[in-house]
Amino acid sequence: MTSVISLLSDYGLEDGYIAACHGVIVGISPESRIIDVCHLVPSGDVRRGAAILAQTIAYLPAGVHVAVVDPGVGGSRRAVAVEAGEHVFLGPDNGLLSWAVSASGGARAAYELSNEDLFLAPVSPTFHGRDLFAPVAAHLAIGRRPAELGQEIPLNRLVSLPAPTSTVREGYAEGEVLSIDRYGNAQLSIGSGDLVSLGIAPGDTLAVWLGRRRLAVPFKETFTAVPPGEVVAFVDSAGLVALGVNAGDASQRLGLPPGAHVRLSLASRHT
């Protein structure tokens, strides 16, 4: 049996952690195709890892998806497998998987990873990616069933991150900074449809409230539509509104960390 196994982590690229995970998988399931989603998630940033996985899963084939952003490794948090759609997600039960599970149609079953016959031995208390998640993924790829991984978990006992929200009121949309990408673009929880419902289209100028600050920001189809160094709003590849700086870093320029509150409206309504 062949299968796709994807990997996402905060392990970085400077060490041999990813190679070790690949090696474990191939040693058990040589025919598996491995897709590296991302290994540059900021260390311990569960929310950023969750956003990347959720926004990528629609483009990944059916398979097993391992996500390890795990600041609680070696502690009391559970290691879990979650079945959703055509996918099985493996990772720590810290909310990392929750947005991708939701994007895949919601969980239909979940299991605690406790079948030690499927782990490497001994299991390092600090490297579950290599010793637990990678071998379990490989065993699933060669035909083991999720129900063989351990005890079933009630779905309402899984840890979930609060879902990103946006609100459209009369004349404006409110949301939060969902994540910051490596270019410094601030992705908002406000979708393109929210702006459409307000009659806002590319070419308009947005009034952007960042706390007590109010900025006038052009809304364009791409960040290159403004001169270098200028702030711009655009719809990103996930269909969400983002704030960027052409050839610059919007997060640093605007002081926007993940979770920051943002409000948008058509600038002409507030002149």
Spacing of [atom1] belonging to [X] relative to [atom2] belonging to [Y], to within rounding of 0.5 Å:
X	Y	atom1	atom2	value
H261	L188	NE2	CG	10.5 Å
L264	I200	CG	CD1	7.0 Å
E86	L60	CD	CG	12.0 Å
H22	S32	NE2	OG	11.5 Å
Y183	F223	OH	CZ	7.5 Å
R263	T167	CZ	OG1	12.0 Å

Ignoring hydrogens and geometry, is there a side-chain-to-backbone donor-acceptor pair from [X] to [Y] under 3.5 Å?
X	Y	value
N115	D117	yes
R78	N94	no
S98	G95	yes
S197	D194	yes
N185	A242	no
S189	T165	yes
S251	L256	yes
S29	I25	no
R253	G229	yes

Exercise. For V232 and V245, what are the C-alpha separation, side-chain angles and deciding distance, and is it a side-chain contact (heavy atoms from CB on, under 4.5 Å)?
Worked result: CA-CA 6 Å; V232 63; V245 172; over 6 Å; no
Problem set entry | Working for side-chain contact (heavy atoms from CB on, under 4.5 Å), residues V168 and L198 | CA-CA 8 Å; V168 177; L198 295 173; 3.7 Å; yes
Which atom of [X] lies closest to which atom of [Y], heavy atoms considered:
X	Y	value
V217	A233	CG1-N, 3.5 Å
G12	I18	O-CG1, 3.8 Å
G44	P71	O-CG, 4.1 Å
V68	L96	N-CD2, 3.9 Å
V66	I5	CG2-CG2, 4.4 Å
V177	A186	CG1-CB, 4.2 Å

For this session: Apply the test side-chain hydrogen bond (donor to acceptor under 3.5 Å, both in side chains) to residues D181 and Q187: give CA-CA distance (whole Å), side-chain angles for both, the deciding distance (0.1 Å), then the verdict.
Result: CA-CA 8 Å; D181 68 14; Q187 182 186 62; over 6 Å; no
For this session: Walk me through it: do H65 and H87 pass the test side-chain contact (heavy atoms from CB on, under 4.5 Å)?
Result: CA-CA 7 Å; H65 306 286; H87 308 298; 2.9 Å; yes
Are [X] and [Y] packed together at the side-chain level, in the sense that at least one heavy-atom pair is separated by less than 4.5 angstrom?
X	Y	answer
D10	C38	no
V208	L210	yes
L240	L178	yes
K220	F234	no
W209	L215	no
V41	I52	yes

For this session: For residues H39 and Y11, establish whether the separation of their ring centroids is below 6.0 Å.
Result: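 Centroid separation for H39 and Y11: 6.0 Å or greater.
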Exercise. Above 12 or not: heavy atoms from other molecules or residues under 6.0 Å from CD of Q252?
Worked result: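 No, CD of Q252 has 12 or fewer neighbouring heavy atoms, counting only those of other groups under 6.0 Å.
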Exercise. With a cut-off of 6.0 Å (strictly less than), are more than 12 heavy atoms of other residues, nucleotides or ligands near CZ of R213?
Worked result: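 Enclosed: over 12 neighbouring heavy atoms sit under 6.0 Å from CZ of R213.
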Cluster overlap [X] with [Y], hydrophobic side-chain contacts below 4.5 Å:
X	Y	answer
L40	I57	no
L118	L7	yes
V159	V69	no
V226	V241	no
V73	F89	no

Side-chain donor-acceptor pairs under 3.5 Å in residues 127-151, sequence neighbours left out?
residue	atom	partner	partner atom	Å
H128	ND1	R77	NH2	2.9
D131	OD2	S124	N	2.8
R144	NE	E148	OE1	2.8
R144	NH2	E148	OE1	3.2
E148	OE2	R145	N	2.9

Exercise. Which salt bridge (Lys or Arg N to Asp or Glu O under 4.0 Å) pairs, counting each pair once, include a residue from residues 102-113, with sequence neighbours left out?
Worked result: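 Residue pairs with at least one partner in residues 102-113: E83-R108.
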Problem set entry | Stepwise side-chain contact (heavy atoms from CB on, under 4.5 Å) check, V80 with L90 | CA-CA 6 Å; V80 298; L90 301 177; over 6 Å; no
